[in-house]
Amino acid sequence: VCTYTSVLKGLCSLGRIADAKKLIELMRRCGCPPNSVAYNILIDALCKNGNFDEVDSILKESESKGWKPNAISYHIYINGLCKAGKLEDAYRQLEQRFDVGWDVSFRSYNIVMSSFCKIGRCLMVLKLFSDMLKKGIDADTRTYNIVVHSLCKAGKLRKAKCMVHSRGFSVNVVTYNTLINGYYRIGNYLEVEHLYHRMKSEKIKPDIFTYTILIVMFCSQGRVSMAKYCFDESIRKGLLPDLVVYSALINGCFKNGELHLGLEVLDRMLGQGLIPN
RNA sequence: ACGUCUGACCCGAC
């Protein structure tokens with residue numbers, strides 16, 4: 001079975017789906033019935049190809065073909081639907097499948113929620129979140145972060161902040177970055193600095209994302225020297241600047257007429273071996 | 001075998 005499955009994987013990665021399906025049939029006939037691993041590979045390939053109807057029927061016919069879809073099968077399917085923008089279908093699957101195990105459920109919920117968040121349907125995220133809780137599915141920090149992001153996007157910063165600071169809410173650096181970015185976007189710079197200090201007092205170390213937001217903010221206020229200070233601090237803290245931070249700072253320098261500084265930073269970036277895009 | 005959260009710019013659509 002393993003050998004056949006490897007071949008199957010190869011065929012799928014080459015996009016030879018018709019051959020993959022033939023191989024599955026061959027396996028069934030030659031005494032090496034494909035298991036869920038094999039079917040999941042095929043399902044993944046079909047999803048990437050947009051053949052969702054076929055995935056649906058493979059799952060429906062699974063019992064008659066002697067295999068049982070597992071948590072991952074549905075995760076692949078739901079993930080594929082989301083990536084293809086078929087969020088309503090993904091949502092429907094989620095409703096129908098939440099009983100296959102909490103592990104897949106919360107991961108799959110995260111994918112669907114974050115997809116809705118990306119297209120700005122924040123209310124839907126909140127609905128899914130409350131569905132999860134009602135069903136007794138455990139949320140993880142990423143789930144919370146998606147909810148916080150949605151609240152920020154919807155302009156409900158007050159609510160987002162309350163949530164983050166409420167008891168039993170597990171936060172990490174991403175949570176803070178999300179909230180800080182939310183306050184930056186509505187122009188509440190005081191709150192940004194406040195949160196920045198608060199995260200440090202909670203022993204959550206700012207990362208490159210944090211510093212990027214601060215740099216962008218200071219540049220947008222014309223406070224290039226503060227932006228540079230943040231940049232230097234990030235390096236002092238042992239963070240390696242990436243293309244995004246450099247772009248943010250260089251862009252800010254030039255927009256504010258600090259040509260020398262901009263070129264200096266660009267030089268540093270090139271010296272670090274980063275290729276401008 | 002799925003591997004889900006946050007940052008700059010650019011581009012496209014409206």
Side-chain angles (χ1 to χ4, degrees), chain A residues 1-2 5-6 8-9 12-13 34-45 47-48 55 67 69-83 90 94 100-101 103-118 125 128-129 132 139-153 160 164 170-185 192 195 199 204 206-220 227 230-231 234 239 241-255 265 269 274 276-277:
Chain A
V1 183
C2 285
T5 303
S6 296
L8 187 70
K9 196 176 169 184
C12 286
S13 67
N35 55 17
S36 54
V37 175
Y39 276 106
N40 287 350
I41 293 170
L42 179 64
I43 290 172
D44 192 32
C47 282
K48 289 193 173 116
V55 174
W67 70 285
N70 58 13
I72 295 169
S73 315
Y74 290 110
H75 184 87
I76 296 171
Y77 185 25
I78 289 171
N79 186 38
L81 287 169
C82 286
K83 295 270 151 67
L94 213 48
V100 298
D103 187 49
V104 69
S105 294
F106 94 83
R107 282 165 198 263
S108 301
Y109 264 95
N110 286 353
I111 292 179
V112 178
M113 286 168 72
S114 110
S115 303
F116 273 115
C117 178
K118 275 192 189 107
V125 176
L128 282 162
F129 183 54
M132 267 181 94
D140 69 349
T141 303
R142 294 183 190 207
T143 317
Y144 293 130
N145 290 342
I146 296 164
V147 174
V148 169
H149 192 190
S150 301
L151 288 170
C152 287
K153 249 183 146 167
V164 169
S170 83
V171 299
N172 62 12
V173 62
V174 176
T175 321
Y176 268 101
N177 289 345
T178 305
L179 200 52
I180 287 174
N181 190 40
Y183 275 107
Y184 157 67
R185 286 192 182 285
V192 169
L195 284 166
M199 81 186 275
I204 295 175
D207 66 5
I208 310 210
F209 283 61
T210 322
Y211 284 110
T212 307
I213 298 165
L214 293 177
I215 287 168
V216 169
M217 179 184 80
F218 285 127
C219 287
S220 77
C230 288
F231 179 78
S234 74
L239 297 173
D242 65 5
L243 202 61
V244 177
V245 204
Y246 275 116
S247 307
L249 184 55
I250 293 170
N251 194 22
C253 287
F254 284 113
K255 277 200 174 132
V265 176
M269 184 185 111
L274 289 173
N277 61 6

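By convention in this document, chain letters (A, B, ...) are assigned in the order of the sequence lines, proteins followed by strands, and residues within each chain are numbered from 1.
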> So what does A/Thr178 hit on the nucleic acid, given a heavy-atom distance under 4.0 Å: a base, only sugar-phosphate, or nothing?
sugar-phosphate

> Roughly how far, to the nearest 0.5 Å, is CG of A/Asn145 from OH of A/Tyr176?
11.5 Å

> For A/Lys83, which contact category applies under a 4.0 Å heavy-atom criterion: base, sugar-phosphate, or nothing?
sugar-phosphate

> Please confirm whether the backbone N or O of A/Lys118 pairs with a side-chain atom of A/Lys153, one donor and one acceptor, at under 3.5 Å?
yes

> For the pair A/Asn35 (side chain) and A/Ala38 (backbone), establish whether a donor and an acceptor sit closer than 3.5 Å, ignoring hydrogens and angles.
yes

> Among residues 146-153 of chain A, which residues get a heavy atom nearer than 4.0 Å to RNA chain B?
A/Ile146, A/His149

> If we only count heavy atoms from C-beta on, is the A/Ile41 to A/Asp44 side-chain gap below 4.5 Å?
no

> Compute the ring centroids of A/Tyr246 and A/Phe231, then answer whether they are less than 6.0 Å apart.
yes

> Which residues satisfy the side chain to side chain contact (heavy atoms under 4.5 Å, CB included) test with A/Val244, sequence neighbours excluded?
A/Thr212, A/Asp242

> Checking side chain to side chain donor-acceptor pair (under 3.5 Å) for the pair A/Asn40/A/Ser73: CA distance, chi angles, key distance, verdict?
CA-CA 5 Å; A/Asn40 287 350; A/Ser73 315; 2.7 Å; yes

> Which part of the nucleic acid, if any, lies within contact of A/Ile208, taking any heavy atom under 4.0 Å across all strands shown: a base, the sugar-phosphate backbone alone, or nothing?
base

> Using the heavy-atom set of chain A and a strict 4.0 Å cut-off, write down the first and last nucleotide of RNA chain B that makes it in, 5' to 3'.
B/A1 to B/C9

> With heavy atoms under 4.0 Å as the rule, sort A/Asp242 into base, sugar-phosphate or nothing.
base

> Check the angle between the aromatic planes of A/Tyr39 and A/Trp67 and answer parallel, tilted or perpendicular using the 30° and 60° thresholds.
parallel

